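The block underneath contains the structure these notes are about, expressed in structure tokens.
Note that ligands are numbered from 1 as they come in the structure, with each ligand's atoms numbered from 1 the same way. What you are looking at is a predicted structure, and each value in this text was computed from that prediction instead of being measured. Note: hydrogens, waters and symmetry copies are ignored here, and every other heavy atom, side chains too, is used.
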Amino acid sequence: MIINVNYKKIINNKSISNYALFLNDNYNVKELKSYFSSIEINSIKDLIKNSNLKKNIINFNLSPKKNIILINIKKNIDTYEIENLGADFYEFIKNLSLKSLFLNSLTLNKGNEEFINYFLHGLKLRSYEFNIYKSSKTQKKLNLTVFVKNFEKIKKNLIKFNAIEIGTNFARNLVSEPPNILYPKEYVNRLIKLRKLGIKVTVYNESKLKKMGMNSLLGVGRGSSKESFLVTLEWNGDKSKNKKPPISFVGKGVCFDTGGISLKPAKFMEEMKYDMAGSAVVAGLIQSLAIRKAKINAIGVVGLVENMPGGNAQRPGDIVKAYNGKTIEVLNTDAEGRLVLADALSFTEKKFKPKFIIDLATLTGAIIVSLGEEFAGLFSNNDDLSKKLFDSGLKVNEKVWRLPLHKNYDKLMNSTIADIQNINYSGGAGSITAAQFLQRFIEKTPWAHLDIAGMAFSKKAANLNPGGATGFGVRLLNQLIEDYYE
Ligand code: BES
Ligand code: ZN
Ligand code: ZN
């Protein structure tokens, strides 16, 4: 359902047929007195009594022409709970098939404007749909008019929340696209469109990448008929004279991961269209920074490839020389994300000399075994960056959990005939050894790796996600930047 939100400062109670109001502390009707007659208040009290008060949202007809929806707010509700309530409200009104609805925010105790910002943010994030491939489009539309006291206060945060919604949905759209449509070249075309927001987009094609020595990334794309790319996105929002080093984000963009010659089994292979989610989040993040004109310099780097078997494909046992000069023995062509990131990481460090690098990747199935769909795996060489990511994650409920890096895990990645091998056959710890592999391509920069394999896509709806691509990471990283780097 498409929701069109507008804001009004004056209410004409009589003309409203679908009317939603907030109540504080267990359906207390006290605040309703300015908006309803005492007769109406009495019937509302009766109707509340006959409702299921375990639910936070109830609705009934006050008269044949007036439909009332009451939203109960518990004490000490935090911002994420407000967003969730907005998401629940969306699910509630979706089933009512309304064309227009009025939402009165003036019955809220305090923090009126902020509450409404979070509430509508949750509602909008939950209302995302990906239906461009349905031939019959019966999409419902709802006009939602919100009564507010101080629109200026709402507007201030609205720009930020809109930017995050657009960035999240951009990432969700990219992840949802089928792999026959969103192959690397088409992905590049969509990133180029970000130029109109003032983002500098630089595209490196195969011939350039070859000259630069990015053989680790190129090796992954060799089996595919589609060209591989590396794209950088630069947002220069810090106009101050003494330039600080930029912050940087690197994303795995494997548009489809068959496993290559180390072919994956057929069951659920279709899910591997979401193996580019890390890169989509990086793109969505940079887009949101540009839309909200964040006063910061941020770099996004994405490696876009397709991992296919074929006559020209990379073989298990091949040795490739990476951008930083290290040789990699490719023991398993399905451990391809790290091969793409290896070149993208060392390129980012060398070219941009960033303050830190955060990479995002659907890197290992093992992280789903350890953390499920609740936390992303966090691996880092820096305690301060880890703590900041952890705290930002709790705030927006895009949570990360740190796992260890250690020289004994690192040793497991030594190859007998090259500098490093891309998988370890013994020692377990699949997500950690993948992170150890990545760390070999970072020299000295503070770095954090987020393994989002369990977070990027969800078959079922939950909280702010309607099911499908989640956009996990866009909100987390916006929060991190807002709290510590702007
Ligand atoms: N893209 C996969 C990881 C993945 C698995 C993401 C399930 C989302 C859901 C990655 O490229 C991969 O295949 N990893 C292998 C590594 C192994 C060969 C060491 C894995 O996790 O099995
Ligand atoms: Zn793989
Ligand atoms: Zn993969």
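- A side-chain donor-acceptor contact under 3.5 Å links N397 and K399.
- Under 3.5 Å, the side chains of R292 and N478 contain a donor-acceptor pair of N or O atoms.
- Annotation: Y118 is in aromatic contact with F161 [ring centroid separation under 6.0 Å].
- Separation of the Y485 and F356 ring centroids falls under the 6.0 Å cut-off.
- Around ligand 1, the residues contributing at least one heavy atom under 4.0 Å from the ligand are K252, D257, K264, M272, Y274, D275, N332, D334, E336, R338, T362, L363, T364, G365, I368, I423, A453.
- Distances from the Zn ion (ligand 3) show that L363 has no N/O/S atom below 2.8 Å.
- For F119, the ring pair (Phe, Tyr, Trp, His ring centres under 6.0 Å) partners at least two apart in sequence or on another chain are F22, F89.
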Which side-chain N or O atoms in residues 251-265 pair as donor and acceptor under 3.5 Å with protein atoms at least two apart or in another chain?
{"residue": "K252", "atom": "NZ", "partner": "D275", "partner atom": "OD1", "Å": "3.1"}
{"residue": "K252", "atom": "NZ", "partner": "D275", "partner atom": "OD2", "Å": "3.2"}
{"residue": "K252", "atom": "NZ", "partner": "E336", "partner atom": "OE2", "Å": "3.1"}
{"residue": "K252", "atom": "NZ", "partner": "T362", "partner atom": "O", "Å": "2.9"}
{"residue": "D257", "atom": "OD1", "partner": "G259", "partner atom": "N", "Å": "2.9"}
{"residue": "D257", "atom": "OD1", "partner": "N307", "partner atom": "ND2", "Å": "2.8"}
{"residue": "T258", "atom": "OG1", "partner": "G260", "partner atom": "N", "Å": "2.9"}
{"residue": "T258", "atom": "OG1", "partner": "N307", "partner atom": "O", "Å": "2.7"}
{"residue": "S262", "atom": "OG", "partner": "N332", "partner atom": "OD1", "Å": "3.3"}
{"residue": "S262", "atom": "OG", "partner": "T333", "partner atom": "N", "Å": "2.9"}
{"residue": "S262", "atom": "OG", "partner": "T333", "partner atom": "OG1", "Å": "3.1"}
{"residue": "K264", "atom": "NZ", "partner": "D334", "partner atom": "OD1", "Å": "3.2"}
{"residue": "K264", "atom": "NZ", "partner": "D334", "partner atom": "OD2", "Å": "2.9"}

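- With hydrogens and angles left out, the side-chain atoms of T364 and S431 include a donor and acceptor closer than 3.5 Å.
- The nearest pair of heavy atoms linking R172 to G471 is CG-N, 3.8 Å.
- Between N424 and Y409, the side chains place no donor N or O within less than 3.5 Å of an acceptor N or O (distance only, hydrogens not considered).
- With salt bridges taken as basic N to acidic carboxylate O contacts below 4.0 Å, one links R190 and E177.
- If you look at the Zn ion (ligand 2), the protein N, O or S atoms less than 2.8 Å from it are D257 OD2, D334 O, D334 OD1, E336 OE1.
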